[in-house]
Amino acid sequence: MSWESFWYMGGYAAYVWPAYGVTALVLAANLVWPVWQRKQLFRQLAIKQKRAQSK
Amino acid sequence: MSWIPAPVSRFFHRTSSPPHFYALADRFIPWLTAIFLLLLGAGLYGGLYLAPTDYQQGDSYRIIYIHVPAAWMSLFVYVMMAIMGGIALVWRMKLAEVMLISSAPIGAGFTFVALVTGSLWGKPMWGTWWVWDARLTSELILLFLYLGVISLYGAIEDKRSAARAVSILALVGVVNIPIIHYSVEWWNTLHQPATVSKLDKPSIHITMLVPLLLMAIAFKFYYLIAVLQAAKLELLKRETSSQWVKNMLEKQA
């Protein structure tokens with residue numbers, strides 16, 4: 001099977017690939033979001049701690 | 001709880017202490033990620049490349065490899081949430097509260113994916129994006145239940161009482177789960193009945209079935225990874241002023 005016919009998906013490319021795309025986006029978002037939020041939180045806490053120490 | 005053997009209750013006590021759980025999650029996540037990626041790769045390769053074209057639906061049926069696992073997970077995660085809600089209500093276990101609320105966005109994501117991929121599959125096969133049939137409607141209600149849990153938790157300032165409210169909501173909403181599952185049997189619907197769970201003789205060919213099961217297990221591992229990541233964040237948020245968080249900050253600095 002060629003790549004071309006693989007991407008063509010028997011004529012259903014317009015349905016199959018968006019379905020996989022949406023799934024990838026949603027699942028990735030639920031993984032990346034908490035990790036990113038945690039980094040933000042750590043940064044905030046570190047700043048707070050520094051302030052508390054310098055007082 | 002005298003009916004629980006001492007080593008078991010000690011194990012739960014230790015695991016459920018936030019710093020211990022946090023460290024445990026950190027240790028497990030790389031392994032879970034490796035298993036997830038392997039299963040995902042094998043499932044996608046099998047489903048999109050190896051599995052033959054369906055004689056009725058052509059290649060459009062390949063949406064099944066994400067649609068069905070996502071739909072299964074949307075129910076599974078909800079049941080997990082309800083169990084955590086029960087534990088949180090009875091034993092006031094903080095970790096159960098954290099796991100409940102951490103599961104909600106992941107379950108909502110799976111439900112959303114099941115609805116959207118179903119719609120993208122329905123258009124070429126049924127000729128419509130959406131019908132108000134029992135399966136689709138009850139799944140949509142499930143999405144609203146998840147969103148309800150998320151917004152109720154966000155609306156209540158005190159996180160302990162928020163968790164109690166959310167636990168009750170999660171438990172009440174569990175009546176929707178059997179309705180979703182049996183909707184295709186109870187009502188005459190456009191949505192097709194189960195093909196896989198008839199374990200005696202699944203009406204799906206083995207080369208199509210194996211990738212589907214691989215994807216289903218992959219999604220289970222994804223849930224574990226995502227819920228641990230979300231739980232780590234929720235624990236940190238709740239315990240910013242505790243000693244173990246301060247120690248961790250100092251180590252990172």
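Each chain gets a letter, A, B and so on, in the order its sequence line appears, and its residues count up from 1. In this text, all values refer to a predicted model and were calculated from it rather than measured experimentally. As a basis for the values below, the full set of heavy atoms in this structure was taken, side chains included, without hydrogen atoms, waters or symmetry mates.
The interface of residues 29-39 of chain B with chain A, defined by heavy-atom distances below 4.5 Å, is empty. Within residues 226-237 of chain B, the residues having any heavy atom under 4.5 Å from a heavy atom of chain A are, by residue number, B/Ala226, B/Gln229, B/Ala230, B/Lys232, B/Leu233, B/Leu236, B/Lys237. Proximity to chain A at a heavy-atom threshold of 4.5 Å picks out B/Pro105, B/Ile106, B/Gly109, B/Phe110, B/Phe112, B/Val113, B/Val116, B/Thr117, B/Leu120 from residues 100-120 of chain B, in numerical order. At a heavy-atom cut-off of under 4.5 Å, chain A is reached by B/Lys123, B/Pro124, B/Met125, B/Trp129 from residues 123-130 of chain B, listed in order of number.
Here the CD-OG1 distance, from A/Gln44 to B/Thr240, works out to 10.0 Å after rounding to the nearest 0.5 Å. Atom-to-atom distance recorded for A/Tyr20:OH and B/Ile66:CD1 is 5.0 Å, nearest 0.5 angstrom.
Taking both residues in full, the closest heavy atoms of B/Tyr222 and A/Val26 are given as OH-O, 4.2 Å, listed atom of the first, atom of the second, then distance.
For chain A, the nearby part of B/Phe219 is the side chain; its heavy atoms alone come within less than 4.5 Å. Using a 4.5 Å cut-off between heavy atoms, B/Leu48 contacts chain A through both its backbone and its side chain. Proximity to chain B involves both the backbone and the side chain of A/Leu27, based on heavy atoms less than 4.5 angstrom apart. Contact of A/Tyr15 with chain B is made through backbone and side chain together, with heavy-atom distances under 4.5 Å. Of the atoms belonging to A/Phe42, heavy atoms from both backbone and side chain fall under 4.5 Å from chain B. No part of B/Thr53 comes within reach of chain A, as not one of its non-hydrogen atoms sits under 4.5 angstrom from that chain. Neither the backbone nor the side chain of A/Trp33 comes within contact range of chain B; no heavy atoms are under 4.5 Å apart.
No other option in A/Ala29, A/Ala13, A/Ala19, A/Pro18 has as many heavy-atom pairs under 4.5 Å with chain B as A/Ala19.
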